[in-house]
Amino acid sequence: MRPTGRRWLPWAALAVGLVAVALVLGPGGGAGEPYDPRSPERSGAKGVVDTLRHLGVAVDLVNGAPAPGDTAALVLVDQMDDASREASSQWVERGGTLVVADPRSPLTKPLRIAGAIGLLGGITPLLHRNCDLPALRDVGTLEPAGGVVFRKSGLGVGCFTAGNDPFLVAVDRGRGTIVALGGASPFLNALLGRADNAAVAVDLLAPTAASRVAVLLPPRAGGGRKSLVDLIPRRVKLALWQLVIAFLVVVAWRARRLGRPVPESQLVAIPGSELVGAVGQLMQRARGRAQAAGLLRDDVRRQLAERLGLPPTAPPETLAGAVAGRARRPADDVVALLTGPAPVDEAALVELARSLESLRTEVTSAP
Amino acid sequence: MPVPTRRLAVIAAVVSLLVLAAPGWPGWMLVVVDGLVLVAAAVDAARAPAPDAVPVERETPGVVPLGREARVTWRVGNPTDHAVRVRLADQLAPSLRATTRRVAVLVPARGSATAATSIRPARRGRFDMNELTVRVDGPLRLAARQARRRLPATIRVYPPFTSRNEAELRIDKARILEVGLRSARGHGGATEFDQLREYRVDDESRRIDWAATARAGKAIVRTYRAERNQTVLLLLDAGRMMAGRVADVPRLDHAMDAVMMLTAVATRLGDRAGLVAFDQQVRAIVPPGHAPDQLGRVTEAMYSLEPQLVESDYRGAFGQTLTRFRRRALLVVFTELAEQAMAETLLPALPMVARDNLVIIASVRDPQVLAWSRAVPRDATEAYRRAAAAAALEERRRTIARLRGLGATVVDAPPGELAPQLADAYLRVKATGRL
């Protein structure tokens with residue numbers, strides 16, 4: 001019989017695995033994604049939207065590119081496809097103001113990143129304006145949490161410098177302007193109330209109450225066009241390829257066996273008693289109760305006769321008489337046991353076998 | 001073809017870690033590094049000594065009794081001027097139960113090294129080893145060369161002769177009996193005249209030789225000893241009926257133990273013991289003899305026998321035995337007493353040999369069947385099995401009765417008792433002078 005103690009274990013492991021997969025792949029708890037303008041979380045950007053709307057500015061949350069009627073647009077995370085990015089660029093050419101808070105966005109080219117601000121990502125200094133950009137004349141400081149600064153160049157106007165390198169660069173493009181930020185942190189809910197962060201957002205996006213702002217929604221997790229392979233860093237890919245080579249070396253190493261297997265003929269492993277067991281099974285399958293009972297009775301009769309010094313062919317009555325004296329049983333009972341009818345079922349057969357063995361033991365063990 | 005080594009695989013894996021740890025590796029640099037490692041491995045393999053040029057010797061025990069431990073030793077030489085790492089794989093069969101059949105040795109320059117493993121065979125028989133696989137690492141151990149070398153050897157695993165101590169007891173007992181005989185207390189006609197000596201108080205008066213007494217002028221008695229130089233032929237059935245296992249050992253192996261015991265006892269008592277092993281045909285014959293190495297000859301003839309799944313031809317075996325050995329003998333037939341097989345094979349052939357020889361039929365009784373026939377059944381399956389066991393034992397009794405009716409003596413004993421009971425039967429035959 002198989003042990004049953006741990007049968008539940010694989011099913012429990014499967015259930016735990018399914019739950020884990022559901023937690024990983026399933027939707028979030030409704031709190032919103034980071035950089036999401038609909039999210040009230042600390043990492044969300046709902047504060048910017050609410051602030052602008054509170055000032056009477058029309059704010060649209062859009063996917064893709066700003067609409068022609070929009071005066072300004074905010075890109076918190078640039079994961080646009082090429083078409084959307086091209087449409088956004090054309091929208092700027094036509095006079096729009098595009099605030100790009102993702103310093104690695106292709107839209108900020110040809111600006112180059114100079115480095116990170118803050119000490120090892122810890123305390124971030126308060127950045128002062130240090131520029132004469134008209135749109136920002138009412139603000140004094142900006143407090144980002146990390147981010148980068150752009151390399152100082154003659155391109156555009158740089159503000160909020162760390163050292164000499166600006167955190168914010170405004171570049172005219174056609175009839176419009178691209179404002180590149182070294183990070184989106186000043187516009188996130190957690191920091192919007194710090195320093196003049198909110199004022200910077202309002203001045204850049206809605207200089208007048210008639211402005212119409214488009215906030216580009218970040219793509220849903222997994223909604224991009226890049227495959228998993230595209231997301232793997234190049235060095236990791238190289239390392240994986242090298243591991244494949246290492247694996248092939250292992251295969252070549254293990255494939256050449258040191259010494260061939262040694263063949264050996266197998267001995268017969270059948271117990272000598274196998275035939276007896278098989279005969280018993282066949283008798284049971286054929287429901288040979290009468291035959292089995294006969295064999296059991298003959299066996300015990302022979303042993304009793306041998307024990308009592310009687311010939312094997314002694315009549316049952318003679319044998320029963322001798323047995324009755326030795327086993328202190330009525331002779332009729334002994335005769336019935338030794339010569340009775342065939343058992344009606346298997347339980348009766350088992351009972352008969354036990355009774356015969358009991359009788360045999362009584363006689364053979366008697367002094 | 002060169003074989004990469006574990007070290008080469010480790011190096012390839014380490015390179016992958018370097019790539020991961022140091023960003024900025026261009027792809028071409030990885031190709032160059034891998035190419036250099038590959039070239040180094042190829043050069044390393046080329047610099048490794050050819051496996052055929054590495055001297056290798058093997059020492060085997062030759063003969064190992066079943067269940068005993070022995071050692072196999074390899075000696076590896078190095079003809080080069082630098083140390084060489086050599087791996088060997090030998091053709092040790094799984095049944096030899098070697099601790100390992102693969103070893104690695106570091107052979108010093110112009111020197112040699114040895115490695116060994118222990119074996120404890122799990123079955124008797126002949127184990128031939130024809131070749132040895134040799135793998136030689138290069139100096140850098142990045143790659144190796146491998147080849148198979150022909151190096152024949154044989155390990156012969158003999159039956160364990162578990163009844164050896166019982167055999168010594170019987171021999172001692174028989175010799176004591178013989179001393180008794182020499183005290184002139186002869187047992188019927190079973191003894192032969194040994195010598196005349198002076199009468200002692202415990203001698204039987206009927207043993208007095210009156211003619212010698214008259215000549216010597218004092219009482220002289222005849223002394224007798226058991227007859228010697230009688231023939232004991234051991235006929236070993238190696239057919240299908242001997243394949244089944246009793247106490248987890250094939251019936252044939254139980255019979256072999258008894259053959260060894262009877263050979264030892266008979267030859268030490270001055271009789272000539274021989275062997276005829278057969279199944280459908282005669283497979284081994286050892287003519288009767290009483291040389292001290294007769295037990296070795298008999299063991300050598302039968303150690304590699306395996307039961308064949310065929311019906312044994314008793315008529316043919318008896319015919320060959322009678323043709324080769326015409327002298328009256330004690331024939332001991334080792335077989336299994338299955339009623340149907342006996343009725344078709346042994347019983348019709350037995351009169352051929354029972355007429356002019358003394359026949360003993362020896363068989364191993366299965367204690368499992370006996371236990372089933374005595375077990376108190378707990379369910380119907382056990383009740384039916386008990387009935388089947390009772391029937392099997394009854395058939396066995398009938399077979400024994402028929403064999404005895406044909407003049408044969410039957411020894412039907414459980415494992416471990418067959419050989420002693422058979423030796424006792426032989427000694428009884430000797431003592432009663434029936435042969």
Side-chain angles (χ1 to χ4, degrees), chain A residues 233-236 238-250 252-253 255-260 262-265 267-284 288-289 291-296 298-300 302 345-347 349-350 352-354 357-358 360, chain B residues 1 3-6 8-9 12-13 15-17 19-20 23-25 27 30 34 87 89-95 101-102 123 133 135 146 243-246 250-251 306-307 309 336 364 366 368-369 372-374 376-394:
Chain A
R234 187 170 169 280
R235 62 177 175 170
V236 176
L238 283 177
L240 288 175
W241 277 114
Q242 184 60 28
L243 275 181
V244 170
I245 291 172
F247 174 71
L248 291 177
V249 173
V250 171
W253 163 44
R256 187 82 184 272
R257 188 186 177 96
L258 180 62
R260 294 188 292 188
V262 184
E264 191 178 6
S265 60
L267 294 177
V268 175
I270 300 175
S273 57
E274 183 81 8
L275 182 63
V276 175
V279 168
Q281 288 173 5
L282 285 173
M283 214 186 302
Q284 184 175 17
R289 290 188 295 274
Q291 183 189 3
L295 289 169
L296 292 169
D298 289 348
D299 182 46
V300 171
R302 186 194 54 75
D345 55 19
E346 291 191 334
L349 176 65
V350 173
L352 174 66
R354 287 178 179 162
E357 176 60 19
S358 174
R360 188 191 72 83
Chain B
M1 183 182 170
V3 186
T5 61
R6 181 205 304 256
L8 187 64
V15 170
S16 72
L17 291 178
V19 171
L20 200 61
W25 271 56
L30 195 60
D34 283 339
R87 296 167 198 272
D90 210 341
Q91 266 190 323
L92 298 175
S95 289
R101 71 182 189 100
R102 296 183 177 89
R123 65 186 275 194
T133 304
R135 181 182 288 185
Q146 179 174 319
R245 288 176 172 263
V246 176
R251 280 200 175 91
E306 295 294 350
L309 301 181
E336 160 60 9
V364 186
D366 195 335
Q368 179 69 72
V369 177
W372 284 345
S373 74
R374 295 287 175 268
V376 179
R378 289 170 295 186
D379 54 26
T381 301
E382 291 187 4
Y384 283 110
R385 195 167 61 195
R386 174 174 171 146
L393 291 176
E394 181 57 29

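Chain letters run A, B, ... following the sequence lines, proteins first and then strands; every chain starts at 1.
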Between [X] and chain A, with a heavy-atom cut-off of 4.5 Å, which part of the residue counts as in contact: side chain, backbone, both or neither?
X: B:V3; result: side chain
X: B:A392; result: side chain
X: B:R386; result: both
X: B:R374; result: both

Whatever's closer than 4.5 Å to a heavy atom in chain B on A:S358 counts as neither
When [options] are compared by non-hydrogen pairs under 4.5 Å with chain A, the top option:
options: B:P94, B:A391, B:P307, B:S373; value: B:P94
options: B:L92, B:L20, B:D379; value: B:L20
options: B:A383, B:A243, B:P377; value: B:P377
options: B:R101, B:E336, B:E394; value: B:R101
options: B:E306, B:R135, B:E382, B:Q91; value: B:R135
options: B:A12, B:P250, B:G244, B:G27; value: B:A12

Q: Give the intermediate values and the outcome of side chain to side chain donor-acceptor pair (under 3.5 Å) for residues B:Q146 and B:T133.
A: CA-CA 7 Å; B:Q146 179 174 319; B:T133 304; 5.3 Å; no
Got a salt bridge between A:E346 and A:R289, using NZ or NE/NH1/NH2 to carboxylate O under 4.0 Å? no
Review point. Checking salt bridge (charged side-chain N to carboxylate O under 4.0 Å, His left out) for the pair A:E357/A:R360: CA distance, chi angles, key distance, verdict?
Key: CA-CA 5 Å; A:E357 176 60 19; A:R360 188 191 72 83; 2.9 Å; yes
I want to check something: taking the side chain as every heavy atom from C-beta on, are A:V276 and B:W372 in contact at a cut-off of under 4.5 Å?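 Yes, side chains in contact.
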Checklist entry - Would you say the side-chain atoms of A:E264 pair up with the backbone N or O of B:S95, donor to acceptor, closer than 3.5 Å? => result yes
If you count heavy-atom pairs under 4.5 Å with chain B, which of A:L258, A:V249, A:L296, A:V250 comes out on top?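 Of the options given, most contacts go to A:L258.
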